[in-house]
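In this chain, numbering begins with 1 at the start of the sequence shown. Atoms within each ligand, like the ligands themselves, are counted from 1 in listed order.
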Amino acid sequence: MKPVKVGLLGLGTVGTGVVRIVEGHQEDLSSQVGSPIIIEKIAVKNSDKTRSINVDKDKLTEDPWEVICDPEIDVIVEVMGGIDHTKEYILEALERGKHIVTANKDLMALHGSEILAKAQEKQCDVFYEASVAGGIPIIRTLIEGFSSDRILKIMGIVNGTTNFILTKMSQEGASYEAVLEEAQRLGYAEADPTSDVEGLDAARKMAILGTLGFRTNVELKDVSVRGISQVSKEDIMYAKNLGYEMKLLGIAEREDDHVSIGVQPTMVRKGHPIASVNGVFNAVYVYGEAVGETMFYGAGAGEMPTATSVVADLVAVIKNLKLGVNGLKAIVPYKAKKLKSDDQISFKNFILLHVDDKAGVLARITQVFAEFDVSLESVVQHPNELNPEAEIIIVTHNATKASMDKVLQHFEGLEVIRKIKSVYRVEG
Ligand SMILES: NC(=O)C1=CN([C@@H]2O[C@H](COP(=O)(O)OP(=O)(O)OC[C@H]3O[C@@H](n4cnc5c(N)ncnc54)[C@H](OP(=O)(O)O)[C@@H]3O)[C@@H](O)[C@H]2O)C=CC1
Ligand SMILES: N[C@@H](CC=O)C(=O)O
Ligand code: NA
């Protein structure tokens with residue numbers, strides 16, 4: 001049994017887990033694929049760095065090209081991150097007929113179609129299960145498990161760092177900064193955690209899920225993005241008092257082949273399965289026309305959960321190698337993309353206003369909603385004992401995004417409103 005030789009790009013959080021699993025589960029893995037799996041070379045930035053695992057120093061190189069160009073290597077596992085240079089490495093590896101496993105959602109969301117087209121041309125596999133929802137096998141599920149259905153909605157808590165932050169803020173009253181630091185220490189956050197907290201990481205993952213689920217080429221620019229950096233402990237408390245949990249939710253919807261995808265902090269009704277997903281856990285809720293509701297839950301980040309998906313992809317590549325069917329299962333989106341306009345996107349909204357505490361204010365406000373055809377589910381007013389202003393908490397029924405934008409624009413100019421304190425999408 002000729003061993004399969006793997007080149008690893010990166011030996012950080014995920015790469016370390018990959019080495020642990022390939023070494024620790026070798027017997028199990030080689031029995032499944034029919035040959036030993038050897039990690040032949042590993043590219044790192046600093047080969048003198050102290051590491052938490054023992055690796056043969058001779059395998060380390062600071063030059064990724066040494067790995068890419070090694071003719072002995074059959075599969076490249078890319079877990080170093082980065083976009084432009086990584087794309088170059090991957091395209092060249094494909095050119096040389098090597099198969100790719102990557103955890104890199106940034107790369108796949110931005111250049112996935114080019115990389116997959118190259119893979120198809122070269123009859124190579126490119127698998128990227130770890131790129132969305134770390135340890136949850138959601139990509140394979142969308143491609144294979146739901147191949148027979150029409151998916152109408154995908155809702156995801158797909159960023160572990162922000163779910164960890166929101167959970168700790170909600171359950172322990174912890175400060176945003178302290179929890180972010182903890183998430184960085186635990187290896188959940190990206191090298192630049194701005195992409196976690198500002199929603200970009202989740203948006204990239206939703207672009208990947210939307211593309212696979214709706215079989216159309218969802219690009220990052222098609223995803224509306226708002227992160228959690230402006231979510232306050234007070235907002236989380238208001239949500240709880242009204243029976244909601246605050247979550248950074250990616251929501252992708254399809255109606256008559258028109259799609260919309262957004263990532264935003266969302267108040268999710270307690271009782272909805274996704275509302276109880278806490279900590280670094282991720283979940284992807286999928287609604288299919290035939291199957292109805294399903295949900296997939298697991299660790300979304302961290303060394304071993306993420307490495308589990310990476311090594312499962314490696315096993316899939318090697319099984320294909322044995323069968324001689326690499327590159328035959330590439331999912332190329334085939335539906336023309338039709339994005340919903342703001343008149344076609346509708347959802348419930350939570351709005352917290354600070355207003356003058358005087359007669360007629362509520363009437364002025366509800367008049368604006370009526371003018372733009374937004375119907376209200378509930379309106380609650382709290383006097384504020386320290387200020388001559390009151391708080392008004394409004395939850396709307398489903399309203400189009402276009403109408404809500406007009407309402408909020410109008411509120412900016414309404415003299416009785418002192419501040420539009422918060423606005424959130426509401427689900428469930
Ligand atoms: N962490 C997680 O939980 C998850 C991460 N991912 C994705 O997996 C990928 C890796 O993430 P993670 O393991 O956390 O990242 P880390 O920062 O922990 O590790 C990156 C590794 O790549 C090496 N590296 C970086 N740049 C270069 C370069 N130019 N040349 C050679 N080696 C380089 C580093 O070397 P050195 O060790 O010498 O510094 C390090 O070993 C990213 O794409 C990330 O988005 C996906 C899902 C979950
Ligand atoms: N930074 C990401 C890591 C996994 O993709 C997260 O927090 O989910
Ligand atoms: Na996954």
Check each atom of ligand 2 against the heavy atoms of Asp196 and keep those under 4.0 Å away; list them by number with element.
1 (N), 2 (C), 6 (C), 7 (O)
Is there a polar contact, in the sense of an N or O pair closer than 3.5 Å, between Thr161 and ligand 2?
yes
Nearest-contact summary for atom 8 (O) of ligand 2 - protein heavy atom, Å:
Gly160 N, 2.7 Å
Under a 4.0 angstrom heavy-atom cut-off, which atoms of ligand 2 come close to Gly300?
4 (C)
Give every pair made of an N or O atom of ligand 1 and a protein N or O atom lying under 3.5 Å apart, one pair per line with both atom names and the distance to 0.1 Å, or write 'none'.
unit_1   : atom_1 : unit_2 : atom_2 : d
ligand 1 : 1 (N)  : Gly187 : O      : 3.1
ligand 1 : 3 (O)  : Gly302 : N      : 2.6
ligand 1 : 13 (O) : Thr13  : N      : 3.2
ligand 1 : 13 (O) : Val14  : N      : 2.9
ligand 1 : 18 (O) : Thr13  : N      : 3.0
ligand 1 : 18 (O) : Thr13  : OG1    : 3.3
ligand 1 : 32 (N) : Lys45  : N      : 3.2
ligand 1 : 35 (O) : Lys45  : N      : 3.0
ligand 1 : 37 (O) : Lys49  : NZ     : 3.2
ligand 1 : 37 (O) : Arg51  : NH1    : 2.8
ligand 1 : 37 (O) : Arg51  : NH2    : 3.3
ligand 1 : 38 (O) : Lys45  : N      : 3.0
ligand 1 : 38 (O) : Asn46  : N      : 2.8
ligand 1 : 38 (O) : Arg51  : NH2    : 3.0
ligand 1 : 39 (O) : Lys49  : NZ     : 2.8
ligand 1 : 41 (O) : Leu11  : N      : 2.8
ligand 1 : 41 (O) : Leu11  : O      : 3.4
ligand 1 : 41 (O) : Gly12  : N      : 3.0
ligand 1 : 45 (O) : Lys105 : NZ     : 2.9
ligand 1 : 45 (O) : Glu190 : OE1    : 2.8

Can you confirm, on distance only, whether ligand 2 has an N/O atom lying under 3.5 Å from any N/O atom belonging to Lys205?
yes
Which of the atoms in ligand 2, numbered in the order shown and given with their element, are less than 4.0 Å from a heavy-atom of Ala301?
3 (C), 4 (C)
Step through the shown structure and confirm whether more than 12 heavy atoms of other residues, nucleotides or ligands are within 6.0 Å of NZ on Lys57.
yes
Should Glu391 and Lys421 be marked as a salt bridge (charged side-chain N to carboxylate O under 4.0 Å, His left out) after you check the CA-CA gap, both sets of side-chain angles, and the distance that decides it?
CA-CA 9 Å; Glu391 283 176 351; Lys421 201 70 180 54; over 6 Å; no
Under 3.0 Å from the Na ion (ligand 3), is there an N/O/S atom belonging to Val132?
yes
Yes or no on salt bridge (charged side-chain N to carboxylate O under 4.0 Å, His left out) for Glu92 and Arg96, after CA distance, side-chain angles and deciding distance?
CA-CA 6 Å; Glu92 181 58 29; Arg96 290 166 183 262; 2.8 Å; yes
Tell me whether ligand 2 is touched by Gly134 - counting only heavy atoms on the residue side and a distance under 4.0 Å.
no
Got a sec: is Ile136 within less than 3.0 Å of the Na ion (ligand 3) via an N/O/S atom?
yes
Under 4.0 Å from a heavy atom of Glu190: give me the atoms of ligand 2 that qualify, with their elements.
1 (N), 2 (C), 3 (C)
Gap between atom NE2 of His397 and atom CD of Glu377 - 0.5 Å precision:
5.5 Å
Report the relative orientation of the aromatic rings in Phe296 and Phe146; use parallel for angles under 30°, tilted for 30 to 60°, perpendicular for over 60°.
perpendicular
Check ion pair Glu255-Lys340 (N to O, under 4.0 angstrom)
yes
If the cut-off is 4.0 Å to any non-hydrogen atom of Lys105, which atoms of ligand 2 fall inside it?
3 (C), 4 (C), 5 (O)
Partners meeting side-chain contact (heavy atoms from CB on, under 4.5 Å) with Leu200 (sequence neighbours left out)
Ser195, Arg204, Leu220
Does a side-chain heavy-atom distance below 4.5 Å link Tyr424 with Ile351?
no
Given the options Asp74, Asp70, Val75, Glu40 meets side-chain contact (heavy atoms from CB on, under 4.5 Å) only with Asp70
Please tell me whether Tyr285 and Tyr297 form a close aromatic pair, meaning their ring centres lie under 6.0 Å apart.
no
Kindly indicate whether the side chain of Gln171, heavy atoms from C-beta on, has any atom under 4.5 Å from the side chain of Ile236.
no
